[in-house]
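Please read the structure below before turning to the comments.
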2 protein chains.
Amino acid sequence: MIPIVNEDAPRRPLRADAARNRERILVAAEEVFARDGLAVPVDTVAERAGVGVGTMYRHFPTKEALFEAIVVHRLDELLELTRADIEAGARGDGATDRFFAFLDRVGEQVSLKHDLFDALGAAGVDLRSSYGDRVAELKRAVQLLYDRAVAAGGIRSDLNADEVMQLVMGVCHRPDGSPADDGATRRLLRVVCDGLRVRS
Amino acid sequence: MIPIVNEDAPRRPLRADAARNRERILVAAEEVFARDGLAVPVDTVAERAGVGVGTMYRHFPTKEALFEAIVVHRLDELLELTRADIEAGARGDGATDRFFAFLDRVGEQVSLKHDLFDALGAAGVDLRSSYGDRVAELKRAVQLLYDRAVAAGGIRSDLNADEVMQLVMGVCHRPDGSPADDGATRRLLRVVCDGLRVRS
DNA sequence: CACTATACGGAACGATGATTCCGATTGTCA
DNA sequence: TGACAATCGGAATCATCGTTCCGTATAGTG
């Protein structure tokens with residue numbers, strides 16, 4: 001129950017070079033994971049950061065840990081936007097459009113950040129990751145916005161948050177070496193959104 | 001230009017046990033690749049076939065080669081159905097429904113056979129695989145059925161075969177350890193099809 | 001400036017998975 | 001049935017990748 005050590009308070013400030021390297025590693029990892037997802041070898045990140053692997057492992061005890069650091073950051077950004085959407089809180093006519101705009105945003109992130117896709121994909125399978133609660137929150141947000149749009153009468157009611165996520169993720173995912181986007185992803189997402197609308 | 005040996009004609013008939021093992025390997029691979037996709041270790045296939053890895057490698061010089069044998073078979077089945085659809089050849093009212101039924105079939109295969117997904121996904125990236133021409137044919141078929149449905153006035157016209165495939169594949173793909181289906185996939189595909197319809 | 005705790009780099013290690021090799025086995029044919 | 005080529009099985013090998021270790025370098029401090 002009571003943790004032996006307080007993990008939140010750093011024992012002491014990092015040495016200057018250590019702090020610098022930690023930052024470099026995070027920046028490099030953000031780029032590399034975005035491009036190639038979790039599959040990329042750790043050496044790639046280290047090289048890109050201009051740092052030895054040993055250094056990486058001092059800062060992040062495991063590849064997973066580094067990945068999680070990135071993904072948690074990504075999810076926090078996404079949740080920030082989401083909260084804005086929720087609080088803007090249209091329940092009337094705006095609800096449907098707001099929901100679609102939200103899906104657009106999620107879709108854009110997923111198609112841009114390969115790591116987000118991997119994380120959310122894996123999250124479906126195992127929710128015990130350290131960002132599991134954030135994923136749960138995201139899912140709750142999706143469900144809430146979806147329910148509001150349903151209540152506003154704009155979209156079909158026979159889905160749930162998981163299924164909506166599967167639609168967006170599936171459609172917006174871009175396989176590894178695929179060429180530039182030129183708006184195809186957005187167009188596809190629009191097809192899905194049209195499909196969600198109630199038949200007029 | 002002229003091949004030194006004719007690869008199509010087997011030098012001599014296979015020995016009885018060899019033929020039996022070859023068949024077992026194919027059966028095992030079909031099951032295992034369907035369940036786990038290309039990611040599964042070759043030993044799993046060998047074990048399932050009740051055969052040593054060495055035996056596998058005598059029959060298929062590479063993991064890729066075995067995988068291709070399976071996928072080519074899968075694609076041929078799919079193309080068979082597709083040709084039936086094409087020749088049934090409705091150009092009028094039926095074209096849209098026929099197109100959707102076709103997508104249903106593709107979606108079902110993709111969600112059932114994990115290997116098909118891997119193969120088609122990779123095919124987008126590198127078309128030089130030995131089944132590349134079959135994929136190309138499938139794509140042509142999709143385009144044809146799509147064009148007919150568009151001509152019949154049933155669906156939107158701003159997509160192409162690649163994009164239609166991406167929609168279906170993304171939506172129907174089932175991540176590795178995911179639970180049983182209970183019709184969710186079909187429901188999602190229906191959303192997509194509704195999205196493809198022209199607004200009434 | 002010297003001293004030491006901290007941090008660094010990258011070679012070495014361990015696990016996993018594809019592929020190769022070779023002594024043992026077995027089908028086929030006379 | 002005996003001989004032999006085809007085939008088999010699975011241990012050994014090679015490559016990749018995550019992780020650990022340890023000798024070296026350096027920021028911080030007096």
Side-chain angles (χ1 to χ4, degrees), chain A residues 5 9-29 32-33 35-71 114-115 118-119 122 126 129-130 176, chain B residues 5 9-29 32-33 35-71 114-115 118-119 122 129-130 176-177:
Chain A
V5 297
R11 279 266 157 273
R12 80 178 63 206
L14 282 177
R15 224 170 73 173
D17 55 348
R20 197 178 334 118
N21 281 332
R22 185 171 209 283
E23 204 48 41
R24 278 188 188 175
I25 290 168
L26 282 171
V27 169
V32 171
F33 282 141
R35 176 154 37 76
D36 300 335
L38 181 52
V40 73
V42 286
D43 302 36
T44 306
V45 176
E47 188 181 21
R48 174 117 199 180
V51 145
V53 266
T55 302
M56 264 200 42
Y57 274 89
R58 176 158 312 88
H59 288 290
F60 302 94
T62 230
K63 181 188 184 181
E64 266 292 316
L66 175 56
F67 186 71
E68 282 185 5
I70 303 298
V71 168
H114 208 294
D115 46 14
D118 288 355
D126 105 278
S129 47
S130 83
D176 274 13
Chain B
V5 298
R11 278 265 158 274
R12 79 178 65 206
L14 280 178
R15 228 171 67 173
D17 55 347
R20 198 178 332 120
N21 281 331
R22 186 170 207 284
E23 204 47 40
R24 277 188 188 174
I25 291 168
L26 281 170
V27 170
V32 170
F33 282 142
R35 177 153 37 75
D36 300 334
L38 182 52
V40 73
V42 286
D43 302 35
T44 306
V45 176
E47 188 180 23
R48 174 116 199 182
V51 145
V53 265
T55 302
M56 263 201 43
Y57 274 89
R58 175 159 309 88
H59 288 290
F60 302 94
T62 229
K63 181 188 185 183
E64 266 292 316
L66 175 55
F67 186 72
E68 283 185 5
I70 303 299
V71 168
H114 208 294
D115 46 13
D118 287 355
S129 46
S130 83
D176 274 13

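When the nucleotides D/dG28, D/dG9, C/dC8 are ranked by their closest atom to the side chain of A/Thr55, C/dC8 comes out on top. Distances were taken from every side-chain heavy atom of A/Thr62 (C-beta onward) to each of C/dA18, D/dT19, C/dG27; the shortest belongs to D/dT19. Out of C/dC22, C/dA18, D/dA27, the shortest distance to the side chain of B/Tyr57 is found at C/dA18. Closest to the side chain of B/Leu14, out of D/dT7, C/dA7, C/dT20, is D/dT7. Counting only heavy atoms from C-beta on, B/Pro41 has its side chain closest to C/dA18 among C/dA18, D/dG18, D/dG9. Comparing atom distances between the B/Arg15 side chain and each of D/dC8, D/dT7, C/dC8 picks out D/dT7 as nearest. Of the candidate nucleotides C/dT20, D/dG9, D/dA27, D/dA27 has the atom lying nearest to any side-chain atom of A/Ala16.
Rounded to whole Å, the distance from CG on B/Asp43 to C1' on C/dT16 is 10 Å. A/Lys63 places its NZ atom 14 Å from the C1' atom of C/dA15, with the value rounded to the nearest Å. Atoms CD1 (A/Ile25) and C1' (C/dC8) sit 10 Å apart, rounded to a whole Å. When rounded to the nearest whole Å, the span between CE of A/Met56 and P of D/dG18 equals 9 Å. Atom P of nucleotide D/dC22 and atom CZ of A/Arg58 are separated by 13 Å, given to the nearest angstrom. Rounded to whole Å, atom P of C/dC8 lies 10 Å from atom CZ of A/Arg24. Note: CG (A/Asp17) to P (C/dT4) measures 19 Å, nearest angstrom. Between the CZ atom of A/Phe33 and the C1' atom of D/dG18 there is a distance of 12 Å, given to the nearest Å.
A/Ile25 places none of its side-chain heavy atoms less than 4.5 Å from the side chain of A/Arg22. A/Phe33 places a side-chain heavy atom less than 4.5 Å from the side chain of A/Leu66. Annotation: side chain of A/Val71 is not in contact with side chain of A/Glu68 (no heavy-atom distance under 4.5 Å). When side chains are defined from C-beta on, A/Phe67 does not count as touching A/Val42, because their heavy atoms never get closer than 4.5 Å.
Considering only side-chain N and O atoms, A/Asn21 lies under 4.0 angstrom from the phosphate OP1 or OP2 of C/dC8. A close approach under 4.0 Å does not occur between any side-chain nitrogen or oxygen of A/His59 and OP1 or OP2 of C/dA7.
Nucleotides of DNA chain C nearest to B/Val40 and A/Val51 differ in position, and the one nearer the 5' end is that of A/Val51. With the nearest nucleotide of DNA chain D identified for both A/Val42 and A/Gly54, A/Val42 has the one nearer the 5' end.
Although no hydrogens or angles enter the test, the distance criterion places a donor-acceptor pair under 3.5 Å between the side chain of A/Lys63 and the main chain of A/Leu38.
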